[in-house]
Amino acid sequence: MAQHDYRELAAVFVGGALGALARAALSSAAVHDPASWPWPTFIVNIVGAILVGYFTTRLLERLPVSSYRRPLLGTGFCGGLTTFSAMQVETLAMIDHGHWVMAATYTTSSIALGLLAVYLTTALVRRVRVRP
């Protein structure tokens with residue numbers, strides 16, 4: 001049986017809780033209507049993609065190796081902040097209410113902009129000069 005690093009699991013838990021609280025705070029500021037663009041979910045998913053690109057590149061390529069930064073920030077915080085399950089529920093609600101074009105645009109733009117955000121953020125982090 002494999003040994004578990006409970007400190008690493010705690011880092012994921014704490015990061016996930018903080019990310020979920022941040023998402024909940026933003027989501028509670030807006031009331032969602034299936035006939036309108038779901039800005040809170042869209043924003044947290046794009047911001048989460050930017051943060052994943054930053055944290056992954058910065059932590060793996062620019063800083064000394066740490067056992068807990070990546071689980072805390074990448075897996076935990078970004079995992080708790082982003083919510084692709086909510087994106088799916090919102091997309092289905094749009095379809096159920098006959099907003100096919102908005103549902104397709106929302107899903108496509110969320111995925112495309114998320115991937116672009118990770119790519120651009122990674123490229124920018126790699127361009128920053130590392131101080132010795």
S.K.: List the residues meeting side chain to side chain donor-acceptor pair (under 3.5 Å) with Thr121, not counting sequence neighbours, and say none if there are none.
M.R.: none
S.K.: What residue pairs, at least two apart or across chains, pass side-chain hydrogen bond (donor to acceptor under 3.5 Å, both in side chains) with a residue in residues 72-86?
M.R.: none
S.K.: When hydrophobic residues are tied together by side-chain contacts of less than 4.5 Å, even through go-betweens, does Leu113 share a cluster with Ile50?
M.R.: yes
S.K.: Could you state whether Tyr119 and Val125 fall into the same hydrophobic cluster, counting links through intermediate Ile, Leu, Val, Met, Phe, Trp or Tyr residues with side-chain heavy atoms under 4.5 angstrom apart?
M.R.: yes
S.K.: Would you confirm whether Arg23, through its side chain, and Gly80, through its main-chain N or O, come within 3.5 Å as a donor-acceptor pair?
M.R.: yes
S.K.: Could you measure the distance from the CZ atom of Arg58 to the CZ atom of Arg70? Nearest 0.5 Å is fine.
M.R.: 15.5 Å
S.K.: Which atom names give the shortest non-hydrogen contact between Met94 and Pro38, and what distance separates them?
M.R.: CE-CD, 3.3 Å
S.K.: Of all residues at least two apart in sequence or in a different chain, which pass the side chain to side chain contact (heavy atoms under 4.5 Å, CB included) check with Val14?
M.R.: Leu18, Leu72
S.K.: Are Tyr54 and Leu124 packed together at the side-chain level, in the sense that at least one heavy-atom pair is separated by less than 4.5 angstrom?
M.R.: no
S.K.: Give every residue pair that meets the ring pair (Phe, Tyr, Trp, His ring centres under 6.0 Å) criterion with at least one member in residues 68-104, sequence neighbours excluded.
M.R.: none
S.K.: Rounded at 0.5 Å granularity, tell me how far SG in Cys78 sits from CG in Leu51.
M.R.: 5.0 Å
S.K.: If you link ILVMFWY side chains whenever their heavy atoms are less than 4.5 Å apart, which other residues fall into the same cluster as Leu9? By chain and number, please.
M.R.: Tyr6
S.K.: For Leu120, enumerate each residue passing the side chain to side chain contact (heavy atoms under 4.5 Å, CB included) test, keeping only those at least two apart in sequence or located in another chain.
M.R.: Leu116
S.K.: Find out if a path of hydrophobic residues (ILVMFWY) with successive side-chain heavy-atom gaps under 4.5 Å connects Trp39 to Val89.
M.R.: no
S.K.: So with a 6.0 Å cut-off around CZ of Phe13, is the heavy-atom count from everything else above 12?
M.R.: no
S.K.: Report the residues that fulfil side chain to side chain contact (heavy atoms under 4.5 Å, CB included) with Leu26, sequence neighbours left out, ordered by chain and then residue number.
M.R.: Pro40, Ile43, Val44
S.K.: Restricting to non-hydrogen atoms, name the atom on Phe42 and the atom on Ser109 that form the minimum distance, rounded to 0.1 Å.
M.R.: CE1-OG, 3.7 Å
S.K.: Please identify each residue that fulfils ring pair (Phe, Tyr, Trp, His ring centres under 6.0 Å) with Tyr106, with sequence neighbours left out.
M.R.: Trp37
S.K.: Applying a strict under-4.5 Å side-chain criterion to I, L, V, M, F, W and Y, I'd like to know whether Leu73 and Leu81 cluster together.
M.R.: yes
S.K.: For the residue pair Thr41 and Met87, what are the closest heavy atoms and their distance?
M.R.: CG2-N, 3.9 Å
